[in-house]
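Here the structure is a predicted model, which means the values were calculated and not measured.
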Amino acid sequence: MTSPSDTLSDPTAQLSRLAMINTALRRLDPDAQVALEAASGRMKVLTVLPEAEVVRILRELGEPATLSTAADDAGADACCGCGCRSGQG
């Protein structure tokens with residue numbers, strides 16, 4: 001099995017990984033959304049599922065899942081989490 005870090009440079013593997021994650025999450029939340037940041041390998045998950053359930057699902061898929069908050073993400077790139085990069089004016 002390919003590890004998540006091996007897929008960072010392979011666009012086909014990234015799409016396959018994203019599809020696998022989407023399928024697993026949407027079994028429990030049909031409206032779940034997953035976005036993969038190709039450069040860093042980080043993903044953002046929007047769902048009504050509890051955080052612990054999302055982490056459990058991701059780990060079952062072999063993902064090294066850890067939680068971060070919008071505030072954690074904002075500190076990294078001065079964005080509130082929506083992609084606007086509001087801190088860069």
Side-chain angles (χ1 to χ4, degrees):
M1 180 173 184
T2 305
S3 73
S5 62
D6 293 340
T7 65
L8 292 178
S9 61
D10 182 354
T12 302
Q14 287 177 7
L15 289 175
S16 177
R17 175 181 171 208
L18 188 60
M20 180 178 61
I21 293 166
N22 269 313
T23 299
L25 291 172
R26 288 183 177 169
R27 285 186 184 126
L28 300 172
D29 175 8
D31 296 323
Q33 297 179 21
V34 179
L36 182 62
E37 296 175 5
S40 67
R42 292 180 63 179
M43 73 179 72
K44 292 184 181 184
V45 178
L46 299 174
T47 182
V48 297
L49 296 173
E51 292 173 347
E53 182 71 2
V54 173
V55 170
R56 182 191 64 76
I57 291 167
L58 293 174
R59 287 184 177 161
E60 283 181 359
L61 294 172
E63 297 294 327
T66 58
L67 297 175
S68 68
T69 64
D72 293 337
D73 293 339
D77 65 3
C79 175
C80 65
C82 71
C84 67
R85 307 223 187 281
S86 60
Q88 299 176 4

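Side chains of Lys44 and Glu37 form a contact here, defined as non-hydrogen atoms less than 4.5 Å apart. Side-chain contact between Val55 and Leu67 is present, with heavy atoms from C-beta onward closer than 4.5 Å.
With hydrophobic clusters built from ILVMFWY side chains whose heavy atoms lie under 4.5 angstrom apart, Leu28 shares a cluster with Met43. There is a path of hydrophobic side-chain contacts, each under 4.5 Å, that joins Met20 to Val54.
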Candidate pair Thr47 and Leu25, rule side-chain contact (heavy atoms from CB on, under 4.5 Å), full reasoning: CA-CA 8 Å; Thr47 182; Leu25 291 172; 5.7 Å; no

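Partners of Leu18 according to the side chain to side chain contact (heavy atoms under 4.5 Å, CB included) rule, which considers only residues two or more places apart in sequence or in another chain, are Asn22, Val34, Leu36.
Under the 3.5 Å distance criterion, the side-chain polar atoms of Thr23 are matched with a main-chain donor or acceptor of Ala19.
Applying the side chain to side chain donor-acceptor pair (under 3.5 Å) definition to pairs two or more places apart or across chains, those involving residues 48-62 are Glu53-Arg56, Arg56-Glu60. For the salt bridge (charged side-chain N to carboxylate O under 4.0 Å, His left out) condition, no pair includes a residue of residues 18-30, sequence neighbours left out.
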